[in-house]
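Below is one structure, written out as C-alpha cells; comments come after it.
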Amino acid sequence: MNASAPNSSTFALNNEGRLLLIAGPCVLESRELAFPIAEHLCQLAERLPIQLVFKASFDKANRTSIHSYRGLGLEEGLKLLEAVRTEFQVPVTTDLHESYQAAPVGQVCDILQIPAFLARQTDLLVAAAQTGKSVNVKKGQFMAPWDMKHVVEKLKEAGAKETFLTERGTFFGYGRLVNDMRGLIEMRSLGVPVVFDATHSVQEPGGLGSQTGGNRAMVLPLAKAAAAVGIDGLFLETHPEPDKSPSDGPNMVPLSDLENLLQRILAVRAAAQG
C-alpha cells in the first residue's frame with residue numbers, strides 16, 4: 001500500500017516526473033472485486049514510477065442498451081469508493097453525469113471525472129469545479145483538441161483546483177475511434193496536464209450490437225505512441241477477467257498483464273524524455 005493517506009480535500013499531480021496512472025475496473029460491481037484490484041494496483045505503484053489514482057464508475061449512464069448493467073448507484077458506489085480510499089490510502093476518482101452529483105462525489109473523490117459526451121456541459125463543469133477538487137475532463141469524441149480551451153476556461157473561472165484533459169479518440173465513422181496524437185501536444189499547450197485513455201481509445205462503438213465492442217490488443221501500441229509524444233498521465237481500465245465484466249470487457253486489460261504493459265510504456269516514456 002502507499003505510505004501515507006491522500007490529502008482529505010485536495011489532489012495534486014506530483015512534481016517528480018512520475019506518470020499519473022488512473023486505473024481500475026470500468027464499473028463497480030462489488031467490494032469483493034474492487035478490493036483485490038485496488039490492492040494489486042497499489043502493489044504496482046510501490047514497484048513502478050507511477051502516481052496511482054483508483055478509478056471506477058458508480059453508474060454507467062450512457063450504456064448502449066437500457067438493459068445493460070449500470071453499476072451500484074450513487075450512494076452505494078460512493079460508499080465503496082470511500083472504503084477503497086480508506087483501506088488502501090489511495091486517491092480515487094469516478095465520473096459524474098449530472099450537476100447534483102458533484103457535491104456528494106466531491107466529498108469522497110480526489111478527482112472528479114467528466115465523461116466525453118458531457119465535456120461541453122457548462123453547468124456540470126461548474127458544479128464539479130465548485131467542489132474545490134481537481135477535475136479530469138475526457139475530450140469529446142466530436143471535439144477538436146483546441147476547442148478544449150473553453151473547457152479549461154470554464155473550470156478555471158469556476159474554481160477548479162487542477163484541470164486534467166484526457167484524450168480518448170475521435171469518431172471516424174466506421175465503428176472505430178481514431179487517435180490523432182497531435183491533439184496531445186495541442187491540449188498540453190493549454191497549460192494543463194494531459195492524460196491518454198488507452199482502453200476507451202480501442203472501443204468499437206456498437207461493435208457487439210447492443211453493446212460496445214473493442215480490441216484490447218491495440219492498447220499497448222497506442223499507449224506507447226502516446227508516451228512517445230508526451231503525456232502526464234495514462235488512463236487504463238483493468239479487470240481480473242475482462243470478458244466476464246458487465247461493461248467494456250473487450251477493451252479492458254487483464255489485471256495479470258498490467259505490470260508488463262506498464263513497464264513497456266514507461267520504457268518508451270523514459271526514452272522519449274531522455
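Quick caveat: nothing in here was measured; it's all calculated off a predicted structure.
Nearest heavy atoms, I37 versus P240: CD1-CD, 3.7 Å. Listed here is the closest heavy atom pair of S134 and F11: OG-O, 3.2 Å. The two residues P36 and L33 have their closest heavy-atom pair at CD-O, 3.3 Å. Scanning all heavy atoms of the two residues, the minimum distance from A119 to V137 falls at CB-CG1, 3.8 Å. Between G106 and L112, the shortest heavy-atom contact is CA-CD1, 3.9 Å. Among all heavy-atom pairs drawn from V92 and L81, the shortest one is CG1-O, 3.9 Å.
Electrostatic pairing of D197 and K138 counts as a salt bridge here, judged by a charged N lying under 4.0 Å from a carboxylate O. Ion pair R120/D147 not flagged as a salt bridge, since none of the NZ, NE, NH1 or NH2 atoms sits closer than 4.0 Å to an Asp/Glu carboxylate oxygen.
Although no hydrogens or angles enter the test, the distance criterion places no donor-acceptor pair under 3.5 Å between the side chain of E87 and the main chain of E39. T86 places no side-chain N or O within donor-acceptor distance of the main-chain N or O of A83, the cut-off being under 3.5 Å.
With rounding to the nearest 0.5 angstrom, the OG1 atom of T131 is 13.0 Å from the CD atom of Q101. Here CE of M148 is found 12.0 Å from CD of E153. Values are rounded to the nearest 0.5 Å. Residue D59 holds its CG atom at 10.0 Å from CG of L72, rounded to the nearest 0.5 Å. Rounding to the nearest 0.5 Å gives a distance of 4.5 Å between CZ of F58 and CG of L74. Once rounded to the nearest 0.5 Å, the distance linking CG of L41 with CD1 of I50 reads 7.5 Å. In this structure, L52 CG and L44 CG are separated by 8.5 Å, a value rounded to the nearest 0.5 Å.
A donor atom on one side chain and an acceptor atom on the other are found under 3.5 Å apart for N179 and S201. Side-chain contact check for S99 and D123: no donor-acceptor pair (N or O, by modelled atom type) lies under 3.5 Å.
Each of T199, D243, D257 was compared with R216 under the side chain to side chain donor-acceptor pair (under 3.5 Å) criterion, and only D243 meets it. Each of K161, R85, K133 was compared with D110 under the side chain to side chain donor-acceptor pair (under 3.5 Å) criterion, and only R85 meets it.
For residues 231-258, the ring-ring contact (aromatic ring centres under 6.0 Å, His included) pairs, not counting sequence neighbours, are H200-F235. Pairs of residues two or more places apart, or lying in two chains, that qualify as salt bridge (Lys or Arg N to Asp or Glu O under 4.0 Å) and include a residue from residues 223-239 are K55-E237, R188-D232.
V126 is not connected to I111 by any chain of hydrophobic side-chain contacts under 4.5 Å among Ile, Leu, Val, Met, Phe, Trp and Tyr, and they are in different clusters. Hydrophobic clustering (ILVMFWY, side-chain heavy atoms < 4.5 Å, transitive): M187 and W146 are in distinct clusters. Residues V268 and L262 do not share a hydrophobic cluster, defined by chaining ILVMFWY side chains whose heavy atoms lie under 4.5 Å apart. Under the 4.5 Å side-chain heavy-atom criterion for ILVMFWY residues, a single connected hydrophobic cluster contains both V135 and Y100.
Counting heavy-atom neighbours within 6.0 Å of E76 CD, excluding the residue itself, gives a total of 12 or less. Atom CD of Q273 has more than 12 neighbouring heavy atoms from other residues, nucleotides or ligands inside a 6.0 Å radius.
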Requested in this report: Apply side-chain contact (heavy atoms from CB on, under 4.5 Å) to R269 and L19, showing your working.
Outcome: CA-CA 9 Å; R269 185 170 186 260; L19 180 71; 3.6 Å; yes

Query raised in the report: Is there a side-chain contact (heavy atoms from CB on, under 4.5 Å) between L236 and L261 once you walk through the steps?
Result: CA-CA 11 Å; L236 284 170; L261 182 142; 3.8 Å; yes

Requested in this report: Please test T238 against M252 for side-chain contact (heavy atoms from CB on, under 4.5 Å), starting from the C-alpha separation and ending with a verdict.
Outcome: CA-CA 5 Å; T238 185; M252 280 201 283; 5.8 Å; no

Query - Audit row: L222, M181, side-chain contact (heavy atoms from CB on, under 4.5 Å) steps and yes/no - result: CA-CA 9 Å; L222 284 178; M181 295 299 175; 4.1 Å; yes

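Side-chain contact between D95 and I114: absent, with no pair of heavy atoms (C-beta onward) separated by less than 4.5 Å. You'll find the side chain of L13 reaches within 4.5 Å of the side chain of F164, heavy atoms only. T166 is not listed as a side-chain neighbour of K139, based on a closest heavy-atom distance of 4.5 Å or more. When side chains are defined from C-beta on, Q113 does not count as touching L96, because their heavy atoms never get closer than 4.5 Å. Side-chain contact between V53 and L20 is present, with at least one heavy-atom pair separated by less than 4.5 Å. At a threshold of 4.5 Å between non-hydrogen side-chain atoms, the residues V229 and I185 count as touching. By the 4.5 Å heavy-atom criterion applied to side chains, L125 and V151 are counted as neighbours.
By the side chain to side chain donor-acceptor pair (under 3.5 Å) test, R168 pairs with Q203, sequence neighbours left out. For E162, the side chain to side chain donor-acceptor pair (under 3.5 Å) criterion is met by no residue, not counting sequence neighbours. For H97, there are no side chain to side chain donor-acceptor pair (under 3.5 Å) partners two or more places apart in sequence or in a different chain. Every residue meeting the side chain to side chain donor-acceptor pair (under 3.5 Å) condition with D180, not counting sequence neighbours, appears here in chain and number order: R182.
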